[in-house]
2 protein chains.
Amino acid sequence: MLTISQLASYAGVTVRAVRHYHAKGLLAEPKRDRSGYRRYDAAAVVELIRIRTLADAGVPLSRVRELLAAGGEEFAAAVADIDQRLRGEIRERQRHRERISQLAAGDSLALPPVAVAYLDRMRDFGFRERLIEIERDSWILIAAQIPEQVPAFMAIKHAQIEHETLRRLYLDVGDLVDCAPDDPRLPALADRVADFLEAAAAEAAAAEEQQPISDDLIALLDAAFVQSFPCATRLLELLEERGWTGWTNIRRKEPEARWRIGDRTGKGLPDPH
Amino acid sequence: MLTISQLASYAGVTVRAVRHYHAKGLLAEPKRDRSGYRRYDAAAVVELIRIRTLADAGVPLSRVRELLAAGGEEFAAAVADIDQRLRGEIRERQRHRERISQLAAGDSLALPPVAVAYLDRMRDFGFRERLIEIERDSWILIAAQIPEQVPAFMAIKHAQIEHETLRRLYLDVGDLVDCAPDDPRLPALADRVADFLEAAAAEAAAAEEQQPISDDLIALLDAAFVQSFPCATRLLELLEERGWTGWTNIRRKEPEARWRIGDRTGKGLPDPH
DNA sequence: TCCAACTATGACCCAGCGTCAAGGTCAAGA
DNA sequence: TCTTGACCTTGACGCTGGGTCATAGTTGGA
């Protein structure tokens, strides 16, 4: 008669595994000797090897019993099932490999290549790194919500950044990214933004109407902007004085505002569902 | 400010996952409102999306923090590491697929094709199914211990089974597989076995010396034989009377026997290590 | 005011064992 | 005979990535 460690070593498994199989009901508990030790016969070795053979072939322990008892057809069906699971797991890892290599290639997480290209273009033009990070985070949010619309928006953004007047305006916004709310340059900047919007109002409105974004996302993006840009609240106030409201989706102020940027009460961010 | 479910749905994860990331220290706990509810800002959404992006690429959570903080080089190194792990997991599943398909092809678990062929040959010759099962179990044990020697032994067995006199002897052993220990045919069978051994002694000894098997394995195989063959003990006794000892490795009885077949005291099966 | 939907914490669950912990047993050497 | 080291026993926690209750407090709209 064999002790548990002899049994285990004959079958090439650990003692712990044998006990585990007992606990799972895969291997019958043998009789005990007078001191309570398990004592096995040769048949137990054969059974344990059969269990291991299945387990080593990727059969989950929960199905081992079924397969040990199965005849040809059931066995084949179960094997087909397990093989399908294995293929699924392989495909999953392969997708993971693709994704992770893309992450390693791009310099920024969770962004499509077009967006990374846009951020690089901003660097080319000498935008401040802080502002680029704010942009990056905005696009992470957008890509997470409406990934299919990102290319269209990126096309607009690329056009905008190549537009000299607009680019200078952006650059100047970037220069004030860390300024205090009472910075004297803010009102002048607000004037320029308002002037530009007046000049390009029709054009901008048309572009924005093309792809409507949900209010939720706009509110989230505005909130992100305000949080990472200390004097943003002040700038938005100045713009409101000049008849414009919002930032992500800036538009002429209407008589009654339905939501406000920087609103921290939660009203501006209803459940997106 | 966002509630946890709003945060979760913006990032496309479950509330439970968010709390799990808090518990793991991946996502900073936000401030609470007066009722103890977590309140998030837009930056938390970005951070959560970054975490999900990594997790969705197969990065284990335990490494996510490291990768979020990593610069280009460290990131690349970590990615290479993770990719290697993924490849290993893929290879493992592929091996599993191979093994399991082999199991589905062969009619018996844990046996190499040569052994399956031998068992089929036994069926051709009309051996009893019980005896075939005993053979199968023996070969499972052998294949588990010394897989590399199985083909050599199988060659011997194939030769033996094609040898008519020997085959008839085996067949008659098989016919007595379920007999009682006092069956009158047993002594006659023992005589025939002894006679055959006398005649083929030199030959058999030479064949067995070729590939020595460990005493442990021989004892295990003999024990398996005795357990599944009720009158085996009696048959072995009769053979001992005729000057032969053992079964798996049957040989002339020596003046002092170092181990005995069917010995249930454990002495015959020392730790194989 | 009530109810549905949310939030909080805590705990158990899955696989397949590895790894202590704490104590009992056994065989052999001094 | 005592000791020592190698076994044996059960029980419990750990890992991964959360899912799924359970119980209780909160919120918001009708």
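Lettering of chains follows the sequences in order, A, B, ..., and the numbering in each one begins at 1.
At a threshold of 4.0 Å, the pair B:R95-B:E98 does not count as salt-bridged, since none of the basic side-chain nitrogens sits closer than that to a carboxylate oxygen. Ion pair B:R136/B:E133 not flagged as a salt bridge, since none of the NZ, NE, NH1 or NH2 atoms sits closer than 4.0 Å to an Asp/Glu carboxylate oxygen.
Taking only side-chain nitrogens and oxygens, B:Y21 comes nearer than 4.0 Å to OP1 or OP2 of D:dG18. One finds a side-chain N or O of A:R38 lying less than 4.0 angstrom from the OP1 or OP2 phosphate oxygen of D:dT9. At C:dT7, one or more side-chain N or O atoms of B:S5 fall inside 4.0 Å of OP1 or OP2 (strictly under the cut-off).
D:dT16 atom C1' lies 15 Å from atom CD1 of B:I82, rounded to whole Å. Taking atom CG on A:L26 and atom C1' on C:dC17, their separation rounds to 12 Å, with Å as the unit. Atom CG in B:L27 sits roughly 13 Å away from atom P in D:dG18 (whole-Å rounding). When rounded to the nearest whole Å, the span between NZ of B:K24 and P of D:dG18 equals 10 Å. Atom pair A:E89:CD and C:dG16:C1' shows a separation of 14 Å (rounding to whole Å applied). Nucleotide C:dA8 holds its P atom 16 Å from the NE2 atom of B:H20, rounded to whole Å. Nucleotide C:dA15 holds its P atom 16 Å from the CD1 atom of A:I51, rounded to whole Å. As rounded to whole Å, 17 Å separates atom P of C:dG16 from atom NE2 of A:H22.
In this structure, the separation between CG on B:L26 and OH on B:Y21 is 7.5 Å, given to the nearest 0.5 Å.
A donor-acceptor contact under 3.5 angstrom links the side chains of B:D33 and B:S35, judged on distance only. For the residue pair A:W139/A:E135, the side-chain donor-acceptor check at 3.5 Å is satisfied.
Across all strands shown, B:R52 has heavy atoms under 4.0 Å from sugar-phosphate atoms exclusively, and none from any base. A:R32 comes within contact range of the sugar-phosphate backbone alone, with a heavy-atom separation under 4.0 Å but no base atom that close. Nucleic acid contact for B:R19: base, since at least one base atom lies under 4.0 Å from a heavy atom of the residue.
Closest to the side chain of A:P60, out of C:dG16, D:dT9, D:dC8, is C:dG16.
Residue-environment remark: CZ (A:R97) exceeds the threshold of 12 foreign heavy atoms within 6.0 Å. Within a 6.0 Å sphere centred on CZ of A:R63, other residues, nucleotides and ligands contribute more than 12 heavy atoms.
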**Asked** Reading nucleotides 19-30 of chain D from the 5' end, what letters show protein touch, with B for base, S for backbone sugar-phosphate only, - for no heavy atom under 4.0 Å?
**Response** BB----BBS---
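Both B:S62 and A:E29 lie near DNA chain D, and the one whose nearest nucleotide falls closer to the 5' end is A:E29.
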